[in-house]
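This report concerns only the one structure given below.
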Amino acid sequence: MEQKKHKISMIEKRKEVLASLENLGLKTYEQLDSGYFPSITMPSRSTENIHYDPQLRQYILGDRTVRRSTRNIRHLKPFTQLVWAALFSHELTSQRKTSTLRDVYYSAQAYEMTFTDQEESNNIVTDLETVLGFSREDFSIFPEERSAVFGDLTIEYTVPGYEGRTLNLTSHPDGVLIGPALTSAEFVKTTADKVIAIEKGGLFTRFIEENVHKKFNAILVLTAGQAPRATRHFIRRLNQELNLPVYIFTDGDPWGMHIAMVIISGSANAAHLRELNTPDAKWSGVWATDIVNYKLPTDPLDDVDVKRLYELQKDPRYKDPLWQREIKTFMKIKKKAEQEAFSRYGLTYIVDEYLPEKLEAEK
Amino acid sequence: MAQTTFEEISASDFFYRNRDIAGFTNPSRAIFAAIRELVENSLDAAESLKIPPDIYVRLSYEGEASKETQIYRLRVEDNGIGVPPRHIPSAFGQVLYGSKYKLKQQRGTFGLGGKMALLYGQITTHQPATIISSTGITKIYMYKLMIDIQRNRPLILDRKILLNKEQWRGTIVEFTLEGDYFRAMPKILDYFKQTAMVNPYANLTFVDPKGRLYKLTRITKEMPEPPKETKPHPYGVDVELLQRLIQITPHKNMLDFLKNHFHRVGEVTAQKFLEFSNISPSKNPKKLTHEEIVRLMHMLKKFKDFLAPDASCLSPLGEELLKAGIIKELKPEFVAVHQRKPATYAGHPFIVEVGIAYGGEIPKKDGFLIYRFANRIPLLYDEASDVSVKVIEAMNWRRYKVTPDMPIAIMVHICSTKVPYKTVGKEFIADRPEVRREIANGLREVARQIQRFLTRREHVDREKKRLGVFSKYLPKIAQFSAKLAGKEKLPDIDKLLRSVKRFGAEET
């Protein structure tokens, strides 16, 4: 029952995306045909218009809007690029193909549309996300894949040529790439009762080798640094569709902290999008207090680390007491530690001692 | 004790010994100066009859003179007024003899240039010159002559009289001289080009020693009003001139003398002046002592109530002709010209005419092309010392949107009964405040005009670019949106494109 509902939702979503792309085309067409300069209004993404919504526990865009009108010569090129990007995405999505941001930049040239640089084309894709309210993965433009998942979860592909095929995500010992095919796959069944997200590849591999997925009944997700949006969305789906709690392990420094925070509360850059964050996910370590309690080998904080801590201290996403306590502790001990620091107690210590304690504490 | 001998030298001898000051400095400069002096005489000769000049110049190779110099035969023909037969020997064989001692604007001033050319030819090749001339009467006179340098007298070697069946009128001068044409060539070609620029009503033909033909054809038969002769203005006289006037005057008292020999001096002014200078009106001018003449000159300059000279003795080119000349020789995209009102310096009236040209065939280089003219003669040497160049350099061109990297040519023409040359070689104009001010004001006027042009052009360029953007992107939007909406037919964007154009037209 539950599974069927998801399947329909994936197809529905694609239909919705295609319809809104077509609608954009039709609106533009009609304006042109009736002798008006086509224009488009969308929420402004300027910093003044990005607000933190405590209800949604993520950044959202405010009421300010910007109008792109082709009457204005400066808007003419970006508008054309936007319509082109919509057309390109429509072709990709309806033919069930995918592309990357880099690919978009080059494909434009086939249409005698030029982007000055990669940044310009990325911006147009972000504009399209803002106009449609869908993230680019929904209209088939993906980042380069680098994050992976491993654990007892059976998925069913929906991509052309693989429709109906299932795969258990323990089938490959290196994990499975979280790419377009996996992102659009349906979840069939799982025995796991939690998700553990890990910042670094080394630890991810160690966890697989140490059978963490079995011992802790967990699905392991490698974020490979700052989690790509597809991965954030994937984690959210694991949490929302399968009701699995999510625990995040990062390095014990301001940057690791923020990797966890973006998974939980999203980023300002994606304020125009929803459903990328997992508000109930937990940051389980490495905390500053862990560094003290476990007497981990450390490096001193350098200037950029300290500066970053001051920024985070004022960030509305960090207002909870736990975060404020950890920030203050970092500032007090002036030290940081990597996930690998646990190896000083032997290769299995982190799995046998640290992990159970932390997971217990979070319950 | 060394003995100093004093000997009187003739005018020819003087110029022979000091040929540098007349521009015959070296073999390449000499050949340029010779062509220039004769062409200018020819232009004057045609203009004095208000006939559009037809001038033919041929330079042919005669043989080696030395390693670096050659002997050339120079022939200059014109359709000018011609020289009456009895004046031919003196006009071409006696230095400082000529028709140019009256006060009106003319190219030559000293009656010197043409003869210097012949003198130089004679010194370097020892050959006589041939002069053929007719004033349009039934006969043509031909003289072969040389100059007796010591005595400053013509030596007639041969004389022929021909029948003038075709009623030809004009003068032909032919003689040989030593020179270096190939070094002089760029300047000579520049000279013809620039002469054509300020004499757009003249036909100039030049055949060089290699047989190459340069033909500069007139584009108009309109000519400027010829200058009227005028009496000297009291502010402009010197002791020499006063003495000459006293010698020739038939008047027996100072009042009549002043009234009859000076420009814009009438009964009342003359009386006021004599009172001011404490000279008796009944004094006989011929009885003035040398000291009194010097004092008279100083008093003439001091007296404030003389009327300014009028400009009827000047013959500026006029804005139309200047413009036509510039268009003909430079083929620019834009030209603006301006003629200043007559002004005076030291009693000499003068008029400044300026022009500025942009784009077209004017080359881009670092800095402006500057063309200087005086009494319709191009000035080609010593540009850096010229007052026009100083004024141009001092101007704030950026104010007028003009930058040195633009293809710009600037013309400055000054005409006067006495052009303030710095040297006898007539190469550059002295920096006099009155002249400087006129040039600066003239340049400001044309600069304002080019500013308007540049602003407008900038605007048109921007507008073109704007239209280009619309006509590039709107069809693409039409194409993409039609495809996205699943429409077969493209939306009609003609109306939009038209509205962009209308919008654009209103803006210009």
Side-chain angles (χ1 to χ4, degrees), chain A residues 17-40 68-95 104 107-116 124 127-128 131-132 139-140, chain B residues 333-334 358-359 398 400-403 405-406 450-508:
Chain A
V17 169
L18 286 173
S20 68
L21 287 167
E22 285 155 18
N23 187 41
L24 172 65
L26 190 64
K27 262 163 58 188
T28 308
Y29 181 96
E30 280 170 352
Q31 290 179 84
L32 273 176
D33 205 36
S34 46
Y36 291 105
F37 284 97
S39 66
I40 226 165
R68 283 270 165 80
S69 169
T70 51
R71 182 187 286 281
N72 183 332
I73 193 144
R74 283 197 305 279
H75 291 172
L76 202 48
K77 186 180 177 193
F79 191 96
T80 314
Q81 289 169 330
L82 183 75
V83 180
W84 172 80
L87 175 63
F88 182 69
S89 305
H90 187 271
E91 282 177 3
L92 286 175
T93 310
S94 57
Q95 293 167 21
V104 167
S107 302
Q109 294 174 10
Y111 291 80
E112 288 173 27
M113 281 300 308
T114 47
F115 288 106
T116 321
I124 291 296
D127 277 351
L128 190 57
V131 171
L132 302 177
F139 46 83
S140 314
Chain B
E333 185 188 335
F334 169 82
Y358 173 93
R398 294 210 173 262
Y400 303 99
K401 284 180 184 278
V402 170
T403 55
D405 58 316
M406 290 180 172
I450 200 172
Q451 180 187 17
R452 277 195 290 278
F453 161 77
L454 290 173
T455 307
R456 219 189 102 81
R457 214 180 58 126
E458 209 172 74
H459 192 84
V460 169
D461 277 358
R462 224 176 18 238
E463 205 45 41
K464 252 190 217 154
K465 220 165 150 189
R466 207 178 73 88
L467 283 177
V469 174
F470 278 105
S471 38
K472 177 177 175 193
Y473 287 111
L474 284 179
K476 282 190 195 289
I477 298 178
Q479 179 201 338
F480 299 152
S481 66
K483 218 166 165 192
L484 194 52
K487 300 270 188 186
E488 292 280 313
K489 191 174 119 320
L490 286 176
D492 177 18
I493 56 165
D494 287 351
K495 208 172 126 193
L496 272 186
L497 283 174
R498 270 200 310 278
S499 83
V500 172
K501 263 172 215 159
R502 255 208 316 278
F503 187 50
E506 275 166 18
E507 271 188 2
T508 25

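In the text below, chain A, chain B and the rest are named by the order of the sequence lines, each starting its count at 1.
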Quick check: closest heavy atoms across [X] and [Y], and the distance to 0.1 Å?
{"X": "B/Leu496", "Y": "A/Gly35", "result": "CD2-O, 3.5 Å"}
{"X": "A/Arg71", "Y": "B/Phe470", "result": "O-CZ, 3.5 Å"}
{"X": "A/Val83", "Y": "B/Leu484", "result": "O-CD2, 4.3 Å"}

Between A/Asp33 (side chain) and B/Asp492 (backbone), is there a donor-acceptor pair under 3.5 Å? yes
Not counting sequence neighbours, list each pair that qualifies as a salt bridge (charged side-chain N to carboxylate O under 4.0 Å, His left out) and has a residue in residues 477-489 of chain B. A/Glu91-B/Lys483
Apply salt bridge (Lys or Arg N to Asp or Glu O under 4.0 Å) to A/Asp127 and list each qualifying residue two or more places apart in sequence or on a separate chain. A/Arg45, A/Arg68
Could you check which of B/Ala478, B/Ser481, B/Ala485 has the highest count of heavy-atom pairs closer than 4.5 Å to chain A? B/Ser481
Mind checking whether B/Ile477 and A/Leu76 have side chains closer than 4.5 Å, heavy atoms only? yes
Out of curiosity, A/Leu24 CG to B/Phe480 CZ, how far, rounded to the nearest 0.5 Å? 13.0 Å
Between chain B and each of A/Glu30, A/Lys77, A/Gln81, A/Lys27, count heavy-atom pairs under 4.5 Å; write down the option with the most. A/Lys77
Above 12 or not: heavy atoms from other molecules or residues under 6.0 Å from OH of A/Tyr36? no
